[in-house]
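Let me begin by presenting the structure, written as structure tokens, before commenting on it.
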There are 2 protein chains.
Amino acid sequence: MHNTTTPPIPTAAPCLSERIGHTLALLEERVPITRRLVRCGDTVYQAGERMESLHVIHSGFFKTVNLSADGREQVVGLHFKGDWLGFDGIAEGQFACDAIAMDTGEVWTIRYDALLAACARTPALLASMHAAMSREIGRDRESMLALCTLPADARVADFLRNWAVSMEQRGLRTDQITLRMTRAEIGNYLGMKLETVSRALSRLERDKVIGFSEKGRRDLHIPDVRALGAFVARSLAPAALTLQ
Amino acid sequence: MHNTTTPPIPTAAPCLSERIGHTLALLEERVPITRRLVRCGDTVYQAGERMESLHVIHSGFFKTVNLSADGREQVVGLHFKGDWLGFDGIAEGQFACDAIAMDTGEVWTIRYDALLAACARTPALLASMHAAMSREIGRDRESMLALCTLPADARVADFLRNWAVSMEQRGLRTDQITLRMTRAEIGNYLGMKLETVSRALSRLERDKVIGFSEKGRRDLHIPDVRALGAFVARSLAPAALTLQ
DNA sequence: CGGCTGGTTGAGGCATCTCAAACGCAGTGG
DNA sequence: CCACTGCGTTTGAGATGCCTCAACCAGCCG
């Protein structure tokens with residue numbers, strides 16, 4: 001983790017894949033871990049449950065769902081390999097949301113007390129954990145920014161772009177992605193209705209920014225990730241080209 | 001800062017005020033601190049700046065502002081006494097947003113390396129910091145929930161309620177609050193336009209949920225905090241009473 | 001086959017945005 | 001003292017983006 005030259009912003013992308021491997025290796029050798037295989041729909045933890053452990057995703061894909069007292073429910077986060085689950089439970093000693101598997105996968109469960117003890121012996125582990133919490137805060141704020149400043153179509157494009165970037169950072173293929181969420185779930189996550197998601201995807205397809213696989217409407221391919229970013233930018237200043 | 005009589009709602013409220021005092025005392029005795037007085041508009045840190053220190057608010061009121069590459073700008077957090085500033089900078093070693101004072105106040109600045117060293121010696125300090133990060137994640141998710149599930153009027157009511165609760169948790173008066181934000185800033189934070197904020201406040205006043213001070217439209221008083229919660233609930237199920 | 005779940009698309013309605021006018025207040029300078 | 005200006009706020013009227021409601025389609029499974 002020693003930088004010879006400090007790069008300005010030359011894509012932190014390849015870095016993250018290594019960092020994930022590093023963190024997983026570190027955990028494996030320094031902390032008692034319980035491995036658990038999960039299937040789509042399994043809950044890793046539930047709101048209200050006592051927080052005794054944190055979890056790190058070894059493989060698979062997960063969502064966190066916030067439930068308010070009056071029954072409103074919202075997907076507040078999507079999580080991939082290397083992400084931690086359960087930070088929300090530290091403050092109050094119990095979880096504030098549900099963490100649910102969206103696919104088969106494996107989570108590593110680590111008792112929080114054991115983790116802290118290991119962190120005391122291994123500063124790099126503490127640094128990993130802090131970095132993960134920090135990144136989570138940053139991602140939440142990016143979500144808020146998108147929710148508040150982007151129109152529906154652009155929000156969907158941004159969502160797909162973030163997904164592709166997440167894949168890229170983990171060394172997976174970005175041109176082809178299979179959404180494991182229904183339109184309703186995507187809409188819930190993005191603060192819009194399922195019909196709006198559907199229309200947005202259709203428009204993105206019409207604009208050739210994405211394409212649907214012949215297999216079905218859940219799989220789509222992204223010819224060029226940057227085109228998604230360009231679509232977002234375009235919908236922010238539609239008249240800028242003609243005016244100036 | 002010891003309360004002789006516990007305030008109306010004996011929930012987790014009194015707890016937090018004590019915890020803030022505890023954390024500040026702990027910092028004061030275990031870590032080298034730089035105190036800094038700030039005035040409205042001063043920046044505590046800026047996006048892109050190297051993260052060398054974290055900050056804890058000793059007094060005053062601050063906002064964090066996220067700025068996207070394409071120029072979109074959004075208030076993503078409001079912070080009061082006892083809150084930490086700068087967590088977003090840990091992951092990448094540089095801050096991802098601006099932290100700006102909204103009022104005169106004092107921040108305590110702590111070098112991150114010194115903080116980690118102190119945490120190694122004082123587990124309670126580490127616990128405090130983790131709890132603060134965890135709470136921040138929780139609050140961000142609450143914000144997302146509000147943004148995605150509440151109509152504009154309810155969002156404003158919820159915003160005021162959260163403000164009042166924050167005051168209450170810190171042992172300050174909740175019936176009278178002076179917004180130190182313009183309508184435009186509130187709207188930016190809540191994902192709506194300033195006119196919508198203004199209309200929402202007018203409606204809340206008409207419904208007697210809030211009242212404006214005779215001094216001006218920036219000061220308002222809240223007869224009953226629970227009425228704000230009730231207003232939120234009402235706008236979620238307007239027809240429920242008549243239907244069932 | 002028939003039911004079920006998820007997706008697409010259209011038509012109309014509503015909440016919020018946009019544009020515009022007017023007001024109060026504070027600061028400034030004649 | 002009174003314009004005069006600038007900023008923040010309020011309120012109205014019209015435009016629009018998204019929601020609601022509804023119909024229909026495709027794949028899947030008993």
Side-chain angles (χ1 to χ4, degrees), chain A residues 40-41 72 74-75 102 146-160 178-207 210-220 231-232 234-239 243, chain B residues 40-41 72 74-75 102 146-159 178-206 210-220 231-232 234-239 243:
Chain A
C40 182
R72 285 170 290 148
Q74 212 225 336
V75 178
M102 304 288 285
L147 285 171
C148 287
T149 62
L150 295 181
D153 286 9
R155 228 141 71 212
V156 173
D158 192 57
F159 161 74
L160 294 175
T178 55
L179 298 174
R180 292 171 213 287
M181 307 168 73
T182 66
R183 305 293 192 251
E185 266 177 317
I186 297 171
N188 179 292
Y189 179 53
L190 298 177
M192 66 190 74
K193 296 291 139 181
L194 72 158
E195 296 96 329
T196 307
V197 176
S198 180
R199 284 184 237 269
L201 288 171
S202 296
R203 268 187 286 266
L204 288 172
E205 185 194 22
R206 192 177 325 134
D207 288 11
I210 65 170
F212 284 111
S213 141
E214 59 285 348
K215 300 186 175 180
R217 293 277 177 171
R218 298 292 272 273
D219 306 75
L220 47 85
F231 182 92
V232 172
R234 213 178 310 146
S235 60
L236 284 172
L243 280 177
Chain B
C40 182
R72 285 171 290 147
Q74 214 226 336
V75 178
M102 304 289 284
L147 284 171
C148 287
T149 62
L150 295 180
D153 286 9
R155 228 141 72 212
V156 173
D158 193 57
F159 162 73
T178 54
L179 298 174
R180 292 173 214 285
M181 306 168 75
T182 66
R183 305 292 191 252
E185 266 178 317
I186 297 171
N188 179 291
Y189 178 53
L190 297 178
M192 65 189 76
K193 295 291 139 180
L194 73 162
E195 296 95 329
T196 307
V197 176
S198 180
R199 284 185 236 269
L201 288 171
S202 296
R203 269 187 286 267
L204 288 172
E205 185 194 21
R206 193 178 322 134
I210 64 169
F212 284 112
S213 142
E214 59 284 348
K215 299 185 176 182
R217 301 277 172 281
R218 297 292 273 275
D219 306 76
L220 48 84
F231 183 93
V232 172
R234 215 179 309 147
S235 61
L236 283 173
L243 279 177

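Both backbone and side-chain heavy atoms feed into the values below; hydrogens, waters and symmetry mates do not.
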Is there a side-chain contact between [X] and [Y] in this structure, where contact means two heavy atoms from C-beta onward sitting under 4.5 Å apart?
{"X": "V156(B)", "Y": "M192(B)", "result": "yes"}
{"X": "I210(A)", "Y": "F231(A)", "result": "no"}
{"X": "I186(B)", "Y": "V75(B)", "result": "no"}

Mind calculating the distance between [atom1] ([X]) and [atom2] ([N]) to the nearest angstrom?
{"X": "R218(A)", "N": "dT8(C)", "atom1": "CZ", "atom2": "C1'", "result": "14 Å"}
{"X": "L204(A)", "N": "dT8(C)", "atom1": "CG", "atom2": "P", "result": "12 Å"}
{"X": "D219(B)", "N": "dC25(C)", "atom1": "CG", "atom2": "P", "result": "13 Å"}
{"X": "F212(A)", "N": "dC25(D)", "atom1": "CZ", "atom2": "C1'", "result": "15 Å"}

Check your understanding: Could R217(A) and E205(A) be called an ion pair, given the rule that one side-chain N must be under 4.0 Å from one carboxylate O?
Key -> yes
Distance-only criterion, 3.5 Å: show the donor-acceptor pairs between side-chain atoms of residues 194-201 of chain B and protein atoms not counting sequence neighbours.
none

Review point. Using a cut-off of less than 4.0 Å, is there contact between a side-chain N or O of R183(B) and OP1 or OP2 of dT9(D)?
Key: yes
Check your understanding: Reading nucleotides 9-17 of chain C 5' to 3', which nucleotides get B (base under 4.0 Å from a protein heavy atom), which S (sugar-phosphate only), which -?
Key -> BBB----SS
Exercise for review: Looking only at non-hydrogen atoms, find the nearest pair between Q74(A) and C148(B) and report the distance.
Suggested key: NE2-SG, 2.9 Å
